[in-house]
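Keep in mind that the numbers below use all heavy atoms, side chains included, and drop hydrogens, waters and symmetry copies. Atoms within each ligand, like the ligands themselves, are counted from 1 in listed order.
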Amino acid sequence: MNVIELLELKNKEKFTFSIELIPPKRGMNLDNLLILVEQLLPHRPLWIDVTSHSADIDYLETAEGVYQKRVFRKSPGTFGICAALKFKFGVETVPHLLCCGFTREETEDALIDLHFLGIFNVLALRGDTKYEREIPKEKTTNQYASDLVSQIMSMNQGRYLHSAGAAANFSVGVACYPEKHIEAPNLAYDLKYLKLKQDLGACYASTQMFYDNQHYYHFCERAKKEGVTMPIIPGIKIITNFNQLVSLPKSFNLTIPERLTFEFEKGSKVDKGNRISAMDVGVDWAYAQCMDLFEHGNRHVHFYVMQSATSLLRLLEKLKPIME
Ligand code: FAD
C-alpha cells in the first residue's frame with residue numbers, strides 16, 4: 001500500500017504515526033535496528049522511512065600515523081533495510097532517494113531494484129554533499145529533487161532513460177521546510193518549488209522537524225495559497241539532551257523556542273528533590289506539540305527516531321488515549 005492509501009485507510013479520529021530510521025554505520029550489523037523496530041511495532045507505525053546517505057570525505061589514520069583521504073558512504077544499506085523490514089515484519093517502508101552523489105543511471109538501477117522488491121513508496125530528495133563526485137561525461141545527474149520526481153514519474157509511465165519498459169508504480173513523497181530551506185531566500189521561493197514537485201507527481205510532503213507548531217500552521221496556510229494541495233506531514237524529533245538545542249538549529253536551519261530552552265535549563269536543576277531528566281523535558285514538549293497538532297485536526301505525525309526508541313516509547317505511552 002502506498003503512503004496516501006495508508007493515511008486514507010486509518011481511523012480519521014485517531015492519532016497515528018510513522019517513523020524515520022538511519023542505517024547503521026558501515027560494517028555494523030542490523031541487530032540494534034531490528035530491536036528498535038520490534039519495540040515500536042506493537043504501537044503500529046503506518047510506515048517506516050529509511051534515510052539515504054551519499055559518499056562523503058573522511059580522513060583515516062593509517063598505522064604509520066599518516067592521515068589518508070577516503071571517500072565512501074558511511075551508512076549504506078537503505079534499500080536492503082527497507083526490504084528486510086518489509087519482508088520480516090510486513091510493514092511498509094519508504095526508502096529515501098537522493099540526487100546528490102548518484103547519477104540518473106544509478107538511480108534508475110536502484111528504482112528497478114525497488115520495483116522488483118515490491119517497494120513502491122519513495123521519498124525523493126536532493127540531499128547535500130561536501131564531496132563533489134566527478135561524473136563521467138556519458139552519465140547524467142539530477143540537480144534538484146524535482147528532477148528526481150520527474151525521473152521516477154517517467155518510469156511510472158514506462159519511460160526509462162534509454163528505452164521503453166515496464167511501467168512502475170511508485171508513490172513519491174518529497175521534503176519541505178516550515179522554517180524554509182536554508183538556501184531559499186524566503187518561503188515564497190521555497191514554496192514555488194514545492195508546488196513544482198507536486199505538479200510533477202509528488203503526492204505528499206514530509207516536513208523538516210520543528211519545535212513551534214505555529215511555523216507548521218503558517219507554512220501549511222501559505223502552501224495552500226500557493227496551490228499545494230497534497231498532505232503535508234508534520235515531522236517531530238524529540239530532543240533528549242541539552243546539546244541538541246545547539247546542534248539541531250545548526251544542522252537543520254530551525255529555531256528552538258525560548259520556552260523550550262528555559263524548560264531544559266529548569267530541568268537541569270533539582271526540582272522538589274527529583275531531578276527531571278532532559279528526556280522528560282523533550283518528551284513533554286513533543287507531547288504538547290502532538291496534542292496541539294491533534295486538536296488542530298492533524299491526525300498523523302512522522303517521528304525522527306533515528307537510532308533509539310526510548311524517548312518515542314515514552315511519548316507513545318502518553319499519547320495512548322488518542323491512538324487506535
Ligand atoms: P530541493 O527540493 O531540490 O530544494 C533544495 C533547494 O533548492 C531549496 O532551497 C529550493 O527552494 C531550491 N530549489 C528547488 N528546486 C529548484 C529549482 N528548480 N531551481 C532553483 N531552486 C530550486 N538528506 C539526506 O542526505 N538523506 C536523507 O535521507 C534525507 N532525508 C530527509 C527527509 C526529510 C523529511 C527532510 C525534510 C530532509 C531530508 N534530507 C535528507 C535533507 C535534504 O536532502 C536537504 O535538506 C537538501 O538540502 C534539500 O533537499 P530537498 O529534497 O528539499 O531539495
Taking [atom] as the point of reference, which of [options] owns the nearest heavy atom?
atom	options	value
atom 17 (C) of ligand 1	Y189, Y193, Y177	Y193
atom 38 (C) of ligand 1	V174, L125, L191, L187	L125
atom 43 (O) of ligand 1	G127, A124, G173, S52	G127

Is [X] touching ligand 1 with its side chain, its backbone, both, or neither, if touching means heavy atoms under 4.0 Å apart?
X	answer
Y144	both
K197	side chain
R126	both
Y304	side chain
L98	side chain

Below 4.0 angstrom from a heavy atom of S206, which ligand 1 atoms are there? Numbered from 1 as shown, please.
34 (C)
Output the list of atoms in ligand 1 that are nearer than 4.0 Å to some heavy atom of T51, sorted by atom number.
28 (O)
What is the nearest protein non-hydrogen atom to [atom], stated with its residue, atom name and distance?
atom	value
atom 35 (C) of ligand 1	A175 CB, 3.6 Å
atom 6 (C) of ligand 1	H181 ND1, 3.6 Å
atom 28 (O) of ligand 1	H96 ND1, 2.8 Å
atom 11 (O) of ligand 1	D190 OD1, 2.7 Å
atom 3 (O) of ligand 1	A145 N, 2.9 Å
atom 44 (C) of ligand 1	D128 OD2, 3.2 Å

Taking 4.0 angstrom as the limit, do E221 and K224 come out as a salt bridge?
no
If you round to the nearest 0.5 Å, how far is OH of Y144 from NZ of K197?
11.5 Å
Please check if a non-hydrogen protein atom sits closer than 4.0 Å to atom 25 (O) of ligand 1.
yes
Can you give each donor-acceptor pair under 3.5 Å made by side-chain atoms of residues 148-156, sequence neighbours left out, with the distance rounded to 0.1 Å?
residue, atom, partner, partner atom, Å
S150, OG, S146, O, 3.3
Q151, OE1, N142, ND2, 2.9
Q151, NE2, R104, O, 2.9
S154, OG, S150, O, 3.0
N156, OD1, N169, N, 3.3
N156, OD1, F170, N, 2.8
N156, ND2, F170, O, 2.9

For E61, is the CD atom crowded, meaning more than 12 foreign heavy atoms sit under 6.0 Å from it?
yes
Measure the acute angle between the ring planes of Y216 and F210, then classify it against the limits of 30° and 60° as parallel, tilted or perpendicular.
parallel
Under 3.5 Å donor-acceptor, N253 side chain and K180 backbone:
yes
Any non-hydrogen side-chain atom of P95 less than 4.5 Å from a side-chain atom of V50?
no
Return the set of residues passing ring-ring contact (aromatic ring centres under 6.0 Å, His included) with H296 (not counting sequence neighbours), or none when no residue passes.
Y217
Tell me whether R299 forms a cation-pi arrangement with F294, defined as NZ or CZ under 6.0 Å from the six-membered ring centre and within 45 degrees of its axis.
yes
Do H302 and Y304 have their ring centres less than 6.0 Å from each other?
yes
Under a heavy-atom criterion of less than 4.0 Å, does Q208 contact ligand 1?
yes
Quickly, which of C82, C203, S171 forms a side chain to side chain contact (heavy atoms under 4.5 Å, CB included) with N121? Name it, please.
S171
